[in-house]
Amino acid sequence: MKASILVLAGDGIGPEVTAEGTRVLRAVATKFGHTFTLTDGLLGGIAIDRTGTPIPAETLAMAHASDAVLLGAVGGPKWDDPSADVRPEQGLFAIRSALGLYANLRPVTVHPKLVAASPIRPEILKGVDLLVVRELIGGIYFGEKKREADWASDVCAYSGDEVRRVVRRACELARGRRKKLTSVDKANVLESSRLWRRVTDELVRKEYPDLQLEHVLVDACSMYLARRPASFDVIVTENMFGDILTDEASVLAGSMGLLPSASLGDGPRGLYEPIHGSAPDIAGRGIANPYATILSVAMLLRYSLGLEKEAAAVESAVSRAIDRGVLTADVSPPGALAATTIQAGQAVVEAL
Ligand code: IPM
Ligand code: MG
């Protein structure tokens with residue numbers, strides 16, 4: 001097949017990890033006989049430096065014209081001045097929102113070879129296979145923001161439709177898995193959560209009676225993720241809770257550098273990015289873990305291009321690279337010689 005993919009490398013380790021993601025995309029194209037046209041665009045801090053805005057109109061136009069977007073990471077100390085009006089993250093929010101990508105899928109599994117990389121006990125990690133579906137273009141991230149000299153506010157608002165569309169997506173995904181849905185909210189405190197819970201209840205009762213639904217408060221959920229993570233199948237939650245819980249869940253996998261994500265809307269076009277940030281502390285050293293980005297490429301193949309066989313091949317290639325012990329510093333055992341970003345990418349291509 002033919003597909004056009006926009007690559008937004010961004011800042012920090014972004015360019016290093018997307019280079020390995022595109023290496024794998026090119027290898028998939030060769031092996032399976034596809035034609036992928038890769039185009040580079042500007043987003044984040046680098047876009048501010050070059051154009052004065054974190055998301056130039058050209059980037060948005062290219063995103064709309066592409067079948068999928070692969071993104072590295074945005075942000076860094078250079079643009080971190082809290083009083084600045086223009087910030088790299090605005091570019092990220094703008095592209096997620098402009099493409100209507102309300103469902104952010106963040107799968108978490110534990111590779112047997114990496115059990116020791118997690119501080120959680122092995123018996124607790126056994127059987128962990130969960131998927132967080134994070135609402136991505138609403139809630140407190142997008143509500144009205146106000147700031148005065150010594151006072152500030154952020155509004156967290158959701159409409160019923162905004163809740164329904166993301167919960168529906170989570171339900172569809174749960175149907176293809178173990179049929180269990182955990183909806184996470186703070187309904188004992190927040191009105192937006194009380195709406196979320198009521199809408200979710202109604203929707204599941206009417207349209208997905210075959211699913212097992214539970215409601216869990218976000219504070220309790222953060223504890224259960226550490227105590228009994230294997231009990232979760234699909235977790236659906238609002239934007240900021242999903243952001244926080246997935247950083248926590250990455251500890252199960254062993255590193256932030258292992259967790260991919262897919263951001264989807266109603267159509268096939270999606271945005272694919274590792275859940276980690278730009279990691280300015282290790283940027284430019286060639287030691288970042290590219291597996292989260294490469295696994296995001298697998299999700300791109302699956303969800304935007306419908307190439308399930310190719311997606312599974314990439315996932316299994318990453319798994320075999322890990323089996324072989326090709327591990328970057330974030331997950332390599334103490335004393336072992338860690339792989340570089342490029343070596344890890346190459347190991348995946350070889351396994352393919
Ligand atoms: C994520 C990130 C972003 C978010 C940051 C970089 C703004 O943490 O994708 O999880 O909060 O959405
Ligand atoms: Mg985050």
Side-chain angles (χ1 to χ4, degrees), residues 8-15 17-18 21 42-48 54-55 63 69-82 84-108 130-143 145 154-156 158 162 166 184 218 221-222 225 235-253 255-265 270-283 288-289 291-293 295-296 299-300 330:
L8 303 172
D11 311 314
I13 59 171
V17 292
T18 50
L42 294 173
L43 185 84
I46 186 174
I48 296 177
I55 178 156
V69 181
L70 179 67
L71 191 136
V74 301
K78 184 173 174 194
W79 309 279
D80 253 355
D81 175 4
D85 289 331
V86 182
R87 302 177 53 89
E89 292 80 4
Q90 290 162 346
L92 188 57
F93 304 145
I95 193 167
R96 288 171 175 174
S97 177
L99 297 180
L101 309 175
Y102 54 81
N104 180 226
L105 282 48
R106 300 185 162 191
V108 183
L130 62 90
L131 171 67
V132 177
V133 180
R134 168 190 176 192
E135 199 292 325
L136 199 61
I137 54 175
I140 199 164
Y141 275 60
F142 287 85
K145 296 180 184 302
D154 300 89
V155 172
C156 180
Y158 273 105
E162 284 176 309
V166 67
V184 175
V218 63
C221 185
S222 73
L225 270 176
I235 295 175
V236 64
T237 191
E238 66 92 48
N239 203 341
M240 190 160 75
F241 295 160
D243 176 48
I244 297 169
L245 291 177
T246 49
D247 266 31
E248 185 190 1
S250 76
V251 174
L252 305 166
S255 166
M256 293 261 280
L258 294 165
L259 259 55
S261 86
S263 303
L264 307 173
L271 172 78
Y272 300 84
E273 52 174 321
I275 80 150
H276 61 68
S278 60
D281 52 324
I282 59 161
N289 190 338
Y291 290 155
T293 304
L295 292 168
S296 302
M299 296 184 89
L300 182 159
D330 53 323

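Just follow the structure's listing: the first ligand is 1, and inside any ligand the first atom is 1. All values derive from a computational prediction rather than experimental measurement.
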Item to check | Worked check of side-chain contact (heavy atoms from CB on, under 4.5 Å) between Ile95 and Ile55 | outcome: CA-CA 8 Å; Ile95 193 167; Ile55 178 156; 3.7 Å; yes

Item to check | Ser296 side-chain N/O to Tyr272 backbone N/O, donor-acceptor pair under 3.5 Å | outcome: no

Next on the checklist: Counting only nitrogen or oxygen atoms and a 3.5 angstrom limit, does Arg134 reach ligand 1?
Outcome noted: yes

Checklist entry - For Tyr141 and ligand 1, does the shortest N/O to N/O distance drop below 3.5 Å? => result yes

Item to check | Nearest neighbour in protein (non-hydrogen) for atom 2 (C) of ligand 1 | outcome: Asp243 OD1, 4.0 Å

Checklist entry - Which of the atoms in ligand 1, numbered in the order shown and given with their element, are less than 4.0 Å from a heavy-atom of Phe93? => result 7 (C)

Next on the checklist: Is it the case that the side chain of Thr246 and the backbone of Asp243 share a donor-acceptor pair, with hydrogens and angles ignored and the cut-off at 3.5 Å?
Outcome noted: yes

Checklist entry - Does the side chain of Ser263 pick up a donor-acceptor pair with the side chain of Arg96 at under 3.5 Å? => result no

Next on the checklist: If I compare all heavy atoms of Ile137 with all of Leu101, which pair ends up nearest, and what's the gap?
Outcome noted: CG2-O, 3.6 Å

Checklist entry - Of Ile282, Leu259, Leu258, which is the lone residue that meets side chain to side chain contact (heavy atoms under 4.5 Å, CB included) with Asn289? => result Leu258

Checklist entry - Hey, which protein N/O/S atoms does the Mg ion (ligand 2) have under 2.8 Å? => result Asp243 OD1

Item to check | N/O donor-acceptor pair under 3.5 Å between Asn239 side chain and Gly139 backbone | outcome: no

Item to check | Identity and distance of the protein heavy atom lying nearest atom 6 (C) of ligand 1 | outcome: Leu92 CD2, 4.1 Å

Item to check | For Arg96, atoms of ligand 1 separated by under 4.0 Å from a heavy atom | outcome: 1 (C), 4 (C), 9 (O), 12 (O)

Checklist entry - Salt-bridged, Lys78 to Asp11, with N to O below 4.0 Å? => result no

Checklist entry - Would you say Glu238's side chain and Met240's backbone share a donor-acceptor pair under 3.5 angstrom? => result yes

Checklist entry - Against heavy atoms of Arg106, which atoms of ligand 1 measure under 4.0 Å? => result 1 (C), 9 (O), 10 (O)

Next on the checklist: Closer than 4.0 Å to some heavy atom of Glu89 - which atoms of ligand 1 meet that?
Outcome noted: 7 (C)

Next on the checklist: Is it the case that the side chain of Ser278 and the backbone of Gly75 share a donor-acceptor pair, with hydrogens and angles ignored and the cut-off at 3.5 Å?
Outcome noted: yes

